[in-house]
Asks: 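Sharing a structure, written as structure tokens. Questions coming.
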Amino acid sequence: MDHDLDKFPLLSYVLHQHDSNLHAPPSMAAQETLLPSFPLLSDPQIMSSLTQSIPKTITQTLFVFNSLGSRPDPLAVSSARSKIAQIMDSLSPEEAAKETEIYAGVVRLDEVHDSYEKKLKDIEEELSRVYATEVESLLRSGEEVNEEVVAVLKAAESGEINERIDLSGQELKLLPEAFWKVVGLVYLNLSGNDLTVIPEAISKLKKLEELDVSSNSLESLPDSIGMLLNLRILNVNGNNLTALPESIAHCRSLVELDASYNNLTTLPTNIGYGLQNLERLSIQLNKLRYFPGSISEMYNLKYLDAHMNEIHGIPNSIGRLTKLEVLNLSSNFSNLMGVPDTITDLTNLRELDLSNNQIQAIPDSFYRLRKLEKLNLDQNPLEIPSQEVASQGAEAVREFMKKRWGELMAEQQQRIGVEAERHGNETGWVYWGTSMVTNLVSGVTQTIGFGGASSDGGDKKPGDSYFYHQI
């Protein structure tokens, strides 16, 4: 077994690939730090060059290194050096040689360790240089467009200031380390490549405001993305993401986030608490079932597109997104069976798409959406309003629901009058007034078929209802 080769993960990896029977693979911890920095290690040409770069004496070097055993404790080495100095000052050379023999052995062992570790470190650094050379060679070969990549890398290496880099559609499979030296970068477009990983080192781009990594093959985003505190626009659509890191909530400057066309099943639970400056959220064509409760904290949200998901319910707290202008919840098919009446608190809403769901009724207070210009209720089993009314557009639906609201209120007032006459005293008025409130909230709303699933869980309290506040 190779001794302590985790200090030299690239060497350990290459040796294992060259002869897996003789050399053990790096530990999982070493591999986790190695592969993001050297993502093209599986390339046959690169691995061949790395293998050929290993000195032929490596077997002998490792044999001696493994034979040395553990390196002496630094404190023991320091103590041994002090003892030797004290003895040399107090005894003759002959006597001192005998007395210091045991301490000198500790120092010599440490020096031998140091010598062999230096040899292995030199090999590790040489392998790193070979890897960088081979990667640059791959970038240069075959494709003229890669000359643009090489030019960017050279500018980065020379320390040249560059605020904008567009390397979209360059068939990149990795991001060379030189990228992270462009510390003044404000705009980075890497869309339409073959990237499978974004290194943690992206956190070095402290000034980055816009990042586009759409249309790649990313399966995850690095946790360090949360350190991009100046990031305003993030586009990760068209990848293979199953989740967004919780750390994305630290990107408090974000105003646009596009995570559409992925495989997301959930959103970070704290996303709304952090992204309170977000204005556009595009999460369509994923596999989302619910919104996190914190989404209602996105007070500046103006655009929310969540069509073609598996949404089962809308939180009652959605009504707090009072700046929302466009809301698309279409094509959640059999999963979305209703919307809460708090949706009518979105008084700035201009466009609402609820098509291709299983909605039977919309809230009676729908007439409150006075700014609504575009409404799509197609492909729903609608009863209230009818399909005929719904097909006439937002204004017709608003007028229908306003008339219905008036009829409901008149009916309830008539019922109160009849019951008050029957009881004929103040107690009766109080009793039947309370009954009317309960009936409006829990009876009318439920008997008309509304009350679809809500991700808040449980039945809504009367105090949450617009009916309740009106009465």
Asks: Atom CD of residue position Q387 - does it have more than 12 heavy atoms of other residues, nucleotides or ligands inside 6.0 Å?
Replies: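 Buried by this count: over 12 neighbours within 6.0 Å.
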Asks: Test I362 against every option in L369, I343, L377 by the side chain to side chain contact (heavy atoms under 4.5 Å, CB included) rule and name the one that passes.
Replies: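 Among L369, I343, L377, the one meeting side chain to side chain contact (heavy atoms under 4.5 Å, CB included) with I362 is L377.
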Asks: Do you know which two heavy atoms are closest between L336 and L329, and how far apart they sit?
Replies: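 In this case the closest contact between L336 and L329 is CD2-O, 3.9 Å.
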Asks: Whether the side chain of D364 engages the backbone of W405 through a donor-acceptor N/O pair (distance < 3.5 Å, no angle test) should be reported.
Replies: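 Looks like no, no N/O pair under 3.5 Å.
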Asks: Mark yes or no for whether D258, through its side chain, and S260, through its backbone, hold a donor-acceptor pair below 3.5 Å.
Replies: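 Confirmed, D258 side chain pairs with S260 backbone.
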Asks: Without swapping roles, check the side chain of N193 against the backbone of L195 for a donor-acceptor pair under 3.5 Å.
Replies: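 No, because the side chain of N193 does not come within donor-acceptor range (under 3.5 Å) of the backbone of L195.
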Asks: Has T242 got a side-chain atom pairing as donor or acceptor with N263's backbone, closer than 3.5 angstrom?
Replies: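 Looks like no, no N/O pair under 3.5 Å.
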Asks: For the residue pair A394 and L372, what are the closest heavy atoms and their distance?
Replies: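 Heavy atoms only, the tightest pair is CB-O, 3.7 Å.
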Asks: As an exercise, state the distance from CZ of F333 to CD of E310, rounded to the nearest 0.5 Å.
Replies: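 Answer rounded to 0.5 Å: 10.5 Å.
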Asks: Could you tell me the separation between the CG atom of N262 and the CG atom of L218, rounded to the nearest 0.5 Å?
Replies: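 CG of L218 is found 8.5 Å from CG of N262.
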Asks: Whether the N348 and K323 side chains hold a donor-acceptor pair (N or O, under 3.5 Å, no angle test) is what I'd like checked.
Replies: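 Result is no, nothing qualifies.
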Asks: Let's go through R320 and M298 carefully: what are the C-alpha distance in whole Å and the side-chain angles of both, what is the deciding distance for side chain to side chain contact (heavy atoms under 4.5 Å, CB included) to 0.1 Å, and is it a yes or a no?
Replies: CA-CA 9 Å; R320 297 170 66 181; M298 294 180 176; over 6 Å; no
Asks: Kindly determine whether I384 and M401 satisfy side chain to side chain contact (heavy atoms under 4.5 Å, CB included), including the steps that lead there.
Replies: CA-CA 9 Å; I384 303 173; M401 299 308 292; 4.0 Å; yes
Asks: Give the minimum heavy-atom separation between L304 and I283, together with the two atoms involved.
Replies: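 Between these two residues, the closest heavy atoms are CD1-CD1, 4.3 Å.
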Asks: Inspect the contact between R368 and D345 and indicate whether a charged nitrogen and a carboxylate oxygen are less than 4.0 angstrom apart.
Replies: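 Between R368 and D345 there is a salt bridge, with a charged N closer than 4.0 Å to a carboxylate O.
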Asks: Decide side chain to side chain contact (heavy atoms under 4.5 Å, CB included) for I248 and L234; before the verdict, give the C-alpha distance in whole Å, the side-chain angles of both, and the deciding distance to 0.1 Å.
Replies: CA-CA 10 Å; I248 201 170; L234 176 59; 3.8 Å; yes
Asks: Look at the side chain of E124 and the backbone N and O of L11, then say whether any donor-acceptor pair between them is shorter than 3.5 Å.
Replies: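 Yes, because the side chain of E124 sits within donor-acceptor range (under 3.5 Å) of the backbone of L11.
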Asks: Should we count NZ of K374 as having more than 12 external heavy atoms under 6.0 Å?
Replies: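 No.
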Asks: Given side chains that start at C-beta, do those of V14 and M47 come closer than 4.5 Å, heavy atoms only?
Replies: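 Touching, per the 4.5 Å side-chain cut-off.
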Asks: In the structure I gave you, are the side-chain heavy atoms of R415 and Q412 within less than 4.5 Å of one another anywhere?
Replies: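 Counting from C-beta outward, R415 and Q412 do come under 4.5 Å.
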Asks: I'd like to know if E325 pairs up with R350 as an ion pair, taking the criterion as any Lys NZ or Arg NE/NH1/NH2 lying under 4.0 Å from an Asp or Glu carboxylate oxygen.
Replies: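 Between R350 and E325 there is a salt bridge, with a charged N closer than 4.0 Å to a carboxylate O.
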Asks: Give a yes or no on whether the backbone of Q358 and the side-chain of N380 come within a donor-acceptor separation of less than 3.5 Å.
Replies: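 Yes: the side chain of N380 pairs with the backbone of Q358.
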Asks: May I ask you to check whether N230 and K207 show a side-chain donor-acceptor distance below 3.5 Å?
Replies: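 No - no donor-acceptor pair under 3.5 Å links their side chains.
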Asks: Does atom OH of Y261 have more than 12 heavy-atom neighbours from other groups under 6.0 Å away?
Replies: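 No, OH of Y261 has 12 or fewer neighbouring heavy atoms, counting only those of other groups under 6.0 Å.
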Asks: Pick from P26, S27, P25: which one makes a side chain to side chain contact (heavy atoms under 4.5 Å, CB included) with S12?
Replies: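 The side chain to side chain contact (heavy atoms under 4.5 Å, CB included) with S12 is passed solely by P26 among P26, S27, P25.
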Asks: I need the F366 CZ to L375 CG distance, nearest 0.5 Å.
Replies: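 Output value for this atom pair is 4.5 Å.
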Asks: With a 3.5 Å distance limit and no angle check, can you tell me whether N237 reaches the backbone of S214 through a side-chain donor-acceptor pair?
Replies: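 Between the backbone of S214 and the side chain of N237 there is no qualifying donor-acceptor contact (under 3.5 Å).
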Asks: Mind checking whether Y303 and S282 have side chains closer than 4.5 Å, heavy atoms only?
Replies: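 Sidechains of S282 and Y303: in contact.
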Asks: Excluding sequence neighbours, so at least two apart, what forms salt bridge (Lys or Arg N to Asp or Glu O under 4.0 Å) with E126?
Replies: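 Once residues adjacent in sequence are excluded, the partners of E126 under the salt bridge (Lys or Arg N to Asp or Glu O under 4.0 Å) criterion are R129.
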Asks: Show the nearest heavy-atom pair for residues S53 and L127, with the distance to one decimal.
Replies: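 Scanning both residues, the minimum pair turns out to be CB-CD2, 4.1 Å.
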Asks: Mind checking the CD1-CG spacing from I54 to L15? Nearest 0.5 Å is all I need.
Replies: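 The CG atom of L15 is 4.5 Å from CD1 of I54, to the nearest 0.5 Å.
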Asks: Between Q379, M308, H307, which is the residue that forms a side chain to side chain contact (heavy atoms under 4.5 Å, CB included) with N356?
Replies: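 When Q379, M308, H307 are each tested with N356, the side chain to side chain contact (heavy atoms under 4.5 Å, CB included) holds only for Q379.
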Asks: Is it true that K403 and E399 have a side-chain N and a carboxylate O under 4.0 angstrom from each other?
Replies: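 Salt bridge absent between K403 and E399.
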Asks: What are the two closest heavy atoms between C251 and I225, and how far apart are they?
Replies: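 Heavy atoms of C251 and I225 come nearest at SG-O, 3.2 Å.
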Asks: Going by atom type alone, with no hydrogens or angles, which donor-acceptor pairs under 3.5 Å involve a side-chain atom of residues 269-277 and a protein atom two or more places apart or on another chain?
Replies:
from	atom 1	to	atom 2	distance (Å)
Q276	NE2	Y273	O	3.4
N277	ND2	R252	O	2.9

Asks: Going from CG on N216 to CG on L190, what distance comes out if it is rounded to the nearest 0.5 angstrom?
Replies: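 It is 7.5 Å, given to the nearest 0.5 Å.
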Asks: Under 6.0 Å from the NE2 atom of H16, do we count more than 12 heavy atoms belonging to anything else shown?
Replies: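 Counting neighbours around NE2 of H16, more than 12 heavy atoms of other residues, nucleotides or ligands fall under 6.0 Å, so yes.
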Asks: Quick one about S48 and Q52 (side-chain donor to acceptor, distance below 3.5 Å, no hydrogens or angles considered), yes or no?
Replies: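 Short answer, yes.
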Asks: Under a 4.0 Å threshold between the charged nitrogen and the carboxylate oxygen, would R398 count as salt-bridged to E395?
Replies: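 Result for this pair is yes, salt bridge flagged.
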Asks: State the CG-CG distance between N309 and L264, to the nearest 0.5 angstrom.
Replies: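 If we round to the nearest 0.5 Å, N309:CG and L264:CG are 8.5 Å apart.
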Asks: Given N240 and S217, is the side chain to side chain contact (heavy atoms under 4.5 Å, CB included) satisfied, shown in steps?
Replies: CA-CA 6 Å; N240 300 315; S217 301; 4.1 Å; yes
Asks: Within the 4.5 Å heavy-atom criterion, are I311 and F291 side-chain neighbours or not?
Replies: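 They are in contact (side-chain heavy atoms under 4.5 Å apart), so the answer is yes.
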Asks: Please report the closest heavy-atom contact between V255 and L278, naming both atoms and the distance.
Replies: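 Minimum heavy-atom separation between V255 and L278: C-CD1, 3.5 Å.
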